[in-house]
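Model, not experiment: these values are computed from the prediction. Letters go in sequence order (proteins before strands), and every chain restarts at 1.
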Amino acid sequence: MGRPVAIIGSAQTNHGKRFDVTYPELVKEAVDAVFEKTGISPDDIEGVVSGTMPSMMEGVALTHFYFAEVLRSVGKPILKTETCGSTGISLAFTGYYWVASGMADLILVVGSEKMNEGDSQATMTTVLEPFYQRSFIAGAPGVFSMQSQEWSVKFGIPEEKVRAAATRLSVDHHNDAFDNPHAHIKKRLTEEEVNTARIITYPVRLWDVCPNSDGACAMIFASEAMAKKLGLKAAWVKGIGYSGEEYWFGDSEKAIWQCAIDASRQAYDMAGIKNPRKELDVAEVYNPFTFQELLYYECFGFCDFGEACDLTLKGTFSREGELPCDPSGGTLCSNPIGATGLNRAAEAALQVTGQAGDHQIPGAKLSLAHAMGGVDQFNGVMILGSEK
Amino acid sequence: MKKDYNTMENVIRLPHKYAAGQTFARFYNGLKESKIYGTSCPACDKVFVPARSFCPSCLTNLSDWVEVSQEGEVVSWTYSNKEFFGMPGKPPVVIALIRLDGTDCDFLHLIGGINKDDPDTVKSSIKKGTRVRAAWNDDKIGHMLDIKCFEPVS
Amino acid sequence: MTNRVGIVEVAMTPGVESKDYFLDQVFRVTKEVLDKAGLKRDDLGTVISASSDVFHGGVSCASSYYWDAGGAFLKNGSRQDGESLFAFIYAVMRILTGHFDTALVLGVCKGSENPDDDMLTHFFTDPFYQRQVGLNETVAAALQKREYMDSYGISDEQCAGVVVKNLENALGNPYAHVKKKVTVDDVLASQVVMDPLKAMECAPKSEGMIAMLLAKEDLAKKLTDKPVWFEGYGSSIDKFYLGDRDLLEGQLPNAAKRAYDAAGIKDPKKEIDVAEICEPYAFQELLWYEDLGFCDRGEGGKLLDSGATARNGEIPVNPSGGVLASNPYVTRGLYRLAEGFLQIRGQAGERQLDSKVNKALAHSTHGFAGQCHAVAIIGS
């Protein structure tokens, strides 16, 4: 349904602490890079989608004005998408729908963040309204720690096993990041270092958590005719899904996380995927917390509920495993929030077009990209394939 | 804001420390030396002030620095005698767009050195085309308001 | 894929300050629009909302806050920031793709919870330059008005005439915030806000929760006797720094042309039966007349004086009272669209135009001095 749409190019900045540039200069890096890589002229772009976390993060509101020139959007229509942490994938959806609806053939999508200029956890705390929840939730880690406890208790997974599986993910991803030129945190960690690191919010420790990264990602969506005309390698959008739960954190259980399950099923249905672990070649899962990544494997049907730890420890989801997850290092290693979800789509696109360089999964043809947002509230999934 | 129904008040204070990047850092240093710098775009043959790292028209990265004239013409102005959030100083203020000589964009700043009792007195000193010149503070910290204001050239 | 997208129903709050809790207001308009259309929440396809965290009572990640109140629980939804017509067109796109049969376009803004609009618009500035010189939307508008007057001889009286027209039109609008009969002298005598702007020339700060239900063509015809069809849309954004822009030659002509071309309109003044445009500062209505092609450059004041844009004129503008009567900032675009919708369906009550309304134009702007414009055309 809808016209076939492909991602025909993407570019990421180097993510990290970017005090060398202003926010618009950072965005310009990604936008300039995507035009240089693809050879497309900015004049041919028909519209631009931009997005970033809410204004309190960087202290500039309606950033689409601030970036108007660097987005090459002056004189053009724009859309400005924001859905908290899932912004990146929602940006990709906006670009997709703009083309799939027939209203345009070539759309630029840009996500960005410059978190190190502000206090990101304080900003996150303003996601909660002041009447009730704001006093109790100290930024993001608290929420995800509670979710992790809920999940491990529900499925009777011993604490040591959860810890071991999470540690495995932390060690692997931080190591994998050395093969990703854009990644922020690249580190050779030992299990002991991860297990004994400083507690953030129990059971989450320092190396279980994503960094605050500055970065931007630019991506170009094209219709079939335009993709053909331009002759660039195309990653076709095969399926998309998104779902959101209540604003109130205690309202729905988060162990069997319905909106994550629904988002993936919507995408699988559209893409005709019945056995994700078998059929997908690589998955870029949004993993700001190692513990939460385990939960996603289950909610996305990569394994049964309660099984993720065992399979992780077996290496099923490692780069050499049956379904490599986050070979780029994922959100755990780089989290410029407004761009992160888009980075997942960019990485998934690079994989199925054979352009992921040192972290390429050989022969990848079908990939999954995912982002999560809000206080465990939103999940969005996109399936990309090398065939239309 | 006093209301006649139940409310809850919340004040949010968030700190931000902005990376100035090389261009603004150099521009601010120029202000400290009582100089106003712009950058010129070779492709568009235009000079922009404050100095930019890229041309707003053609997006070329800019590296040609120019010390621009501190004199120019008033393009538009507005007057306020009422305090507002972020006001550059105490009321009354006159904020203006000024086309500095030799540049290709308008510079947003303040008009001073005139009677600011009310709009009519301002109008007797300032109108579109009035020539003005930068007046500097003694203590400069690398901030737009190191330039105290622009005053009419007699 | 579907051919056409229809607007089926609309529900909105009045602009006056309400003591109701934010989420209750959102819930009410959501429920009302679904009830009016006879649609159950389960049957609703997608929810696209428009809000702006900065106009949002200090709650970030706006769509998180009102997600379930806005009917989106376990639904595939999304959000546009700052401009409600962006949400409208995104919802249209989603239906055109064929993925969804219906879409709820939800606009969310509670002016009474926010500090001054000028305090909030101050944060559209960059921290290095324009913020340090105190720029906000009213400063930018004042600078623009002065240029307009200097260049084309527009008078304060003509600008005041916009206020007189719109506030009087609003008397027939139960949703408006400010509605009264005023004279040009009243406007001219009001306090100087930012010269040459007087207080009565500047829009208020209003409530504005609005829910609009869209459906694909065949379903729209089932859900309502008189669907109003989406015919065209255009939008365009200007450069960032105020001083880099020509404040009298902005992006509205570009946005309007895109919308007119999409809707097949060649002579807007003739073919459009009612225009609802955003005029947060009275003089801007005159400038937008010119940009929309209703008259030549510099002739906006003359057009107003001729009575052409009055309720029974050739091209009625803002029979709802416009933004001067009610300004929920982010959602004012959807309110313009809603008025066009009601006028086409003959449901505009006291303010229903005498002439037959088949085609309506809805315009919205946000940012400094008309930095971004969006225009939508709808028809019967």
- Message: side-chain contact (heavy atoms from CB on, under 4.5 Å), that's the test. Do A:T81 and C:R79 meet it? Break it down for me.
- Response: CA-CA 6 Å; A:T81 302; C:R79 171 176 167 261; 5.9 Å; no
- Under 4.5 Å between any side-chain heavy atoms of C:Q80 and A:E82, yes or no? no
- Message: Before we go on, tell me: are the rings of C:F240 and A:F65 under 6.0 Å apart, centre to centre?
- Response: no
- Message: Looking only at the aromatic ring of each residue, does the gap between the centers of C:W67 and A:F378 stay below 6.0 angstrom?
- Response: yes
- Task: Drop me the distance from A:L79's CG to C:M93's CE, to the nearest 0.5 angstrom.
- Result: 5.0 Å
- Task: To the nearest 0.5 Å, tell me how far C:F73 CZ sits from A:Q377 CD.
- Result: 10.5 Å
- Query: Can you tell me how far the OG1 atom of A:T94 sits from the CD1 atom of C:I48, to the nearest 0.5 Å?
  - Reply: 7.5 Å
- Mind telling me whether C:F100 and A:Y97 have parallel, tilted or perpendicular rings, with 30° and 60° as the class edges? tilted
- Query: Can C:R131 and A:V60 be said to form a side-chain contact (heavy atoms from CB on, under 4.5 Å), step by step?
  - Reply: CA-CA 10 Å; C:R131 192 172 303 181; A:V60 179; 3.7 Å; yes
- Query: Where do C:Y65 and A:Y247 land on the ring pair (Phe, Tyr, Trp, His ring centres under 6.0 Å) test, with the steps shown first?
  - Reply: CA-CA 6 Å; C:Y65 189 31; A:Y247 177 58; 5.2 Å; yes
- Before giving the answer on side-chain contact (heavy atoms from CB on, under 4.5 Å), spell out for C:V59 and A:T126 the whole-Å C-alpha distance, their side-chain angles and the decisive distance to 0.1 Å. CA-CA 5 Å; C:V59 179; A:T126 62; over 6 Å; no
- Message: Is there a side-chain contact between A:S243 and C:N76 in this structure, where contact means two heavy atoms from C-beta onward sitting under 4.5 Å apart?
- Response: no
- Note on the structure: Given the options C:E83, C:H366, C:Q371, A:H64 meets side-chain hydrogen bond (donor to acceptor under 3.5 Å, both in side chains) only with C:H366
